[in-house]
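Notes follow once the structure below has been shown.
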Amino acid sequence: MGKKLNNSELRAIGISAPILLEQAGKIGKKLMGKGMGKLALIAEYRALLAQPSAYLAHPDFGKLAALVQAQQGQASAGQTMGTFALRPEPLSFPVYGPAYIQATALQQMNTAMKLPVAVAGALLPDAHHGYGLPIGGVLATQANIVIPYAVGVDIACRMCLSVFDVPGDYLGRHIAPLKQALLDNTVFGLDKGFDKPMADEVFDRAEWNATPLIKGLRRKAEAQIGTSGTGNHFVEWGWLETGQPCTELPLPPGKYLALLSHSGSRGFGATIANHYSKLAMEKVKLPKEAQHLAWLDLAAAEGQEYWLSMNLAGEYASANHHQIHWRLAKALGQKPAFMIENHHNFAWAETLADGTPVIVHRKGATPAGAGVLGIIPGSSAQPGFVVRGRGEAASLQSASHGAGRLMSRSQAKNSIDKKAVQELLAQKGVTLIGGDLDEAPMVYKDIFKVLESQSALVDILAKFTPKIVRMADPDKFGRRED
């Protein structure tokens with residue numbers, strides 16, 4: 001028996017759900033680091049599994065005990081498969097910026113809060129109509145429940161910001177070469193990839209051999225690494241303006257050249273999402289208005305597979321951004337002074353303020369725990385902002401992932417004039433490469449109003465102003481990936 005307690009040994013004693021493995025691993029690392037022997041730790045875990053209530057107040061094992069107790073209770077209640085009715089009334093939840101939120105998005109959130117597995121929720125000011133859970137919706141479910149559609153199709157979509165120790169006015173003097181760098185070093189579009197994709201250490205992870213589905217998607221993932229999708233995905237040069245000094249932004253106050261990107265886990269994440277969403281809907285039957293909110297049991301094989309796949313998609317999405325930024329930093333001939341990234345379309349195992357263990361789904365919403373940094377973009381004609389979370393319990397420690405849409409894509413294409421878009425971008429001094437009318441600046445809410453509506457959730461640290469923006473060219477078949 002080795003010195004470390006590995007996942008195979010934990011599964012052998014009955015700790016198999018991914019969230020339990022994660023928590024047990026943290027406890028084991030801490031206690032064995034303090035001198036506890038492996039056999040003694042295993043004995044504690046066995047006792048905890050047999051009687052979790054006896055460990056709820058324990059300073060080290062308490063959180064794991066709460067997770068185990070919640071899973072055991074929910075499994076015995078038979079809430080993991082079958083046909084289910086909704087609650088007659090939704091659980092209450094806070095709505096931030098209600099004046100800016102579509103009625104259909106509010107209706108979708110109400111439906112989600114009627115789920116028998118729902119525990120808490122929040123609707124953020126960028127909220128708009130989505131599939132299942134609205135974009136900008138945050139949903140906490142019981143600790144053994146994950147809803148693939150509440151995570152979203154583009155798993156772990158994220159923002160990534162590189163800031164260079166280069167004065168912001170460099171951008172105005174070098175528009176042509178910076179534009180060319182975007183053309184040479186970014187790839188956009190469904191099923192698109194580089195002719196010679198770069199290798200990446202993310203493919204060294206053992207999880208790529210975990211399931212037949214993941215194995216079958218590896219080649220596609222390798223081909224698309226370092227690329228962007230369609231829809232609202234972008235890579236853009238701009239400048240970052242900082243005001244008061246703060247430890248999170250390790251440059252003196254001023255204006256600096258910066259690079260911002262938005263994309264996710266590409267075809268790999270989309271295939272994972274669609275596969276497990278379909279599987280969830282086969283196992284859990286809900287009324288028509290809630291059918292896309294079907295769930296998986298994290299203690300069951302398919303739930304464990306989805307959780308593992310989702311987390312791998314998160315690692316892949318991060319690696320994807322890092323390659324984009326590495327290529328452009330190399331073209332610039334500079335290394336970033338610092339980087340910030342944050343992701344949405346994901347599920348996290350967390351604990352509510354009252355100690356309840358839950359799975360928090362943030363679809364088009366980002367973590368905003370106390371001190372957590374994030375980027376909230378506006379549009380190609382509006383600034384974005386670097387923010388620091390305030391850890392607000394009411395919003396489930398969440399904030400918006402952007403400005404949010406004012407209108408649907410079809411409405412945008414039928415009502416927005418291309419000339420008006422060009423005039424607005426020219427007025428703002430923005431160079432746009434690609435893009436379509438459904439992603440015109442006018443389809444997005446006022447970012448300043450959106451931020452004002454969530455002032456209790458985040459503090460603003462810096463402003464990013466886009467100047468050279470690349471997006472996907474219009475797809476002739478109307479397909480998108482965002």
Ring centres under 6.0 angstrom apart ([X], [Y]):
| X | Y | value |
| --- | --- | --- |
| Phe164 | Phe338 | no |
| Trp326 | His321 | no |
| Trp208 | Phe203 | yes |
| Trp307 | Tyr276 | no |
| His344 | His262 | yes |

If you measure from [atom1] on [X] to [atom2] on [Y], what distance do you get to the nearest 0.5 Å?
| X | Y | atom1 | atom2 | result |
| --- | --- | --- | --- | --- |
| Ile145 | Leu115 | CD1 | CG | 10.0 Å |
| Met109 | Lys114 | CE | NZ | 13.0 Å |
| Cys246 | Leu461 | SG | CG | 5.0 Å |
| Ile433 | Asp473 | CD1 | CG | 10.0 Å |
| Leu161 | Leu240 | CG | CG | 6.0 Å |
| Ser263 | Asn320 | OG | CG | 5.0 Å |

With Leu91, which residues qualify under side-chain contact (heavy atoms from CB on, under 4.5 Å), at least two apart?
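By the side-chain contact (heavy atoms from CB on, under 4.5 Å) rule, Leu91 matches Arg87, Met113, Ala118.
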Of all the heavy-atom pairs spanning [X] and [Y], show the shortest one and how long it is.
| X | Y | result |
| --- | --- | --- |
| Ser228 | Ile324 | OG-CD1, 3.7 Å |
| Ala394 | Pro94 | O-CG, 3.2 Å |
| His128 | Gly404 | ND1-CA, 4.0 Å |
| Pro466 | Ser379 | CG-O, 3.7 Å |
| Leu328 | Ala181 | CD2-O, 3.4 Å |
| Ser395 | Val138 | O-CG1, 4.4 Å |

Report the C-alpha separation of Asp436 and Lys413 in whole Å, then their side-chain angles, then the decisive distance to 0.1 Å, and conclude whether the salt bridge (Lys or Arg N to Asp or Glu O under 4.0 Å) test is met.
CA-CA 8 Å; Asp436 202 352; Lys413 289 187 174 182; 3.5 Å; yes
Would you indicate whether Arg173, at its atom CZ, is surrounded by more than 12 heavy atoms from other residues, nucleotides or ligands within a distance under 6.0 Å?
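Yes, CZ of Arg173 has more than 12 neighbouring heavy atoms, counting only those of other groups under 6.0 Å.
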Glu452, CD atom: more than 12 neighbouring heavy atoms under 6.0 Å
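No, the 6.0 Å shell around CD holds no more than 12 heavy atoms from other groups.
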Apply side-chain contact (heavy atoms from CB on, under 4.5 Å) to Glu341 and Met159, showing your working.
CA-CA 5 Å; Glu341 62 182 303; Met159 310 290 176; over 6 Å; no
Has [X] got a side-chain atom pairing as donor or acceptor with [Y]'s backbone, closer than 3.5 angstrom?
| X | Y | answer |
| --- | --- | --- |
| Arg362 | Trp348 | no |
| His401 | Gly364 | yes |
| Arg390 | Glu392 | no |
| Glu350 | Val360 | no |
| Thr242 | Gly254 | yes |
| His275 | Thr271 | no |
| Asn342 | Ile375 | yes |
| Arg470 | Phe234 | no |
| Lys285 | Gln291 | no |
| Asn345 | Asp154 | yes |

Just checking, is any N or O donor in the side chain of [X] or [Y] under 3.5 Å from an acceptor N or O on the other one?
| X | Y | value |
| --- | --- | --- |
| Tyr444 | Glu439 | yes |
| His325 | Ser261 | yes |
| Gln323 | Asp200 | yes |
| Gln107 | His129 | no |

Looking at side-chain heavy atoms only, is the closest gap between [X] and [Y] below 4.5 Å?
| X | Y | answer |
| --- | --- | --- |
| Thr141 | Val358 | no |
| Glu236 | Ile468 | no |
| Pro336 | Val163 | no |
| Leu451 | Ile460 | yes |
| Thr356 | Thr351 | no |
| Ile147 | His361 | yes |
| Val284 | Phe84 | yes |
| Pro116 | Trp295 | yes |

How far apart are the C-alpha atoms of Val95 and Leu124, what are their side-chain angles, what is the distance that settles it, and do they pass the side-chain contact (heavy atoms from CB on, under 4.5 Å) test?
CA-CA 6 Å; Val95 180; Leu124 300 170; over 6 Å; no
Full working for side-chain contact (heavy atoms from CB on, under 4.5 Å) between Thr227 and Phe188:
CA-CA 6 Å; Thr227 69; Phe188 283 79; over 6 Å; no
side-chain contact (heavy atoms from CB on, under 4.5 Å) evaluation trace for Trp237 with Thr431:
CA-CA 10 Å; Trp237 293 107; Thr431 299; over 6 Å; no
Validate the cation-pi geometry between Arg158 and Phe346: distance from NZ or CZ to the six-membered ring centre under 6.0 Å, angle to the ring axis within 45°.
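Cation-pi check for Arg158 and Phe346: fails.
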Cationic N near anionic O, under 4.0 Å, Arg388 to Glu248
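A salt bridge is present here (some side-chain N lies under 4.0 Å from a carboxylate O).
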What I want to find out is whether Asp126 reaches Lys445 closely enough, with some N-O distance under 4.0 Å, to be called a salt bridge.
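No.
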Which label fits Tyr131 and Tyr149: parallel for a plane angle under 30°, tilted from 30 to 60°, or perpendicular past 60°?
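Ring orientation, 0 to 90° scale: tilted.
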